[in-house]
Amino acid sequence: ARIIRMVRIIRIIRMVRFLVELKLMIYSIFNTFRSLFWSLVLMGMLLYLCSVCLTQATTQHLLEVQGFTLEPDYVKELRRDFGSIPSTGFTLFKAVMGGISWGDPL
């Protein structure tokens, strides 16, 4: 019985050592959330700024070529992908995350 108790105590001591390492890993993960949050905020702001610029450029382009005969599909695709700030942002997000190829919306 004493030997079994000693084996149990040795197992518990070994587990405590692993728990300290696990605790350190969890602590490290939680401390990186602040950096992750601010990185996502910066990425969102950059995405919004690019969306505003691309939407403005698309609208300006469509106004300049309004008198010319353009393919209706071309205009429809431009308006679908870059016609508003949310749709432009979503198109850029898909392109950055690999959902679509960079050349597909253009």
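Residue numbers count from 1 along this sequence. Only this structure's heavy atoms are used, side chains among them; waters, hydrogens and symmetry mates stay out.
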Practice prompt. Could you state whether V41 and L46 fall into the same hydrophobic cluster, counting links through intermediate Ile, Leu, Val, Met, Phe, Trp or Tyr residues with side-chain heavy atoms under 4.5 angstrom apart?
Written response: no
Worksheet item: L62 versus R79: any side-chain heavy-atom pair under 4.5 Å?
Response: yes
Response to the item:
Taken to the nearest 0.5 Å, the spacing of T91 OG1 from D81 CG works out to 4.5 Å
Worksheet item: Is there a path from L92 to M97 through hydrophobic residues (I, L, V, M, F, W, Y) whose side chains come within less than 4.5 Å of each other?
Response: yes
Practice prompt. Return the set of residues passing side-chain hydrogen bond (donor to acceptor under 3.5 Å, both in side chains) with D73 (not counting sequence neighbours), or none when no residue passes.
Written response: none
Worksheet, complete the sentence: Rounded to the nearest 0.5 angstrom, the NE2-OG1 distance for H61 and T58 is 8.0 Å
Item to complete: For the residue pair L49 and M45, establish whether any side-chain heavy-atom pair is separated by less than 4.5 Å.
Response: no
Response to the item:
dist Q56:CD -> T88:OG1 (nearest 0.5 Å) comes out at 11.0 Å
Practice prompt. Kindly indicate whether the side chain of K23, heavy atoms from C-beta on, has any atom under 4.5 Å from the side chain of Y27.
Written response: no
Worksheet item: What pairs of residues pass the ring pair (Phe, Tyr, Trp, His ring centres under 6.0 Å) test when at least one of them lies in residues 34-57, not counting sequence neighbours?
Response: none
Worksheet item: With no hydrogens and no angle check, is any side-chain donor or acceptor of S87 less than 3.5 Å from a backbone partner on S84?
Response: yes
Response to the item:
Here the pair of heavy atoms bringing G89 nearest to S51 is CA-OG, 3.0 Å
Discussion item. With clusters defined by side-chain heavy atoms of hydrophobic residues (ILVMFWY) lying less than 4.5 Å apart, directly or transitively, does L22 cluster with I29?
Written reply: yes
Worksheet item: Taking C-beta and beyond as the side chain, do R11 and R8 meet within less than 4.5 Å on heavy atoms?
Response: no
Practice prompt. Locate the shortest heavy-atom distance separating G83 from T55; write the atom from each residue and the value.
Written response: O-CG2, 4.0 Å
Practice prompt. State whether the number of non-hydrogen atoms from other residues, nucleotides or ligands found under 6.0 Å of L63 atom CG is greater than 12.
Written response: yes
Worksheet, complete the sentence: For L47 and F93 the tightest heavy-atom approach is CD1-N, 4.0 Å
Item to complete: Quick one: pull up OG1 in T59 and CG in L78 and give me the separation to the nearest 0.5 Å.
Response: 9.5 Å
Fill in: Single-linkage hydrophobic cluster I26~L36, side-chain heavy atoms < 4.5 angstrom
yes
Worksheet, complete the sentence: When rounded to the nearest 0.5 Å, the distance separating OG1 of T32 from CZ of F30 is 9.5 Å
Fill in: Shortest non-hydrogen contact between V52 and I85, atoms and distance
CG2-CD1, 3.8 Å
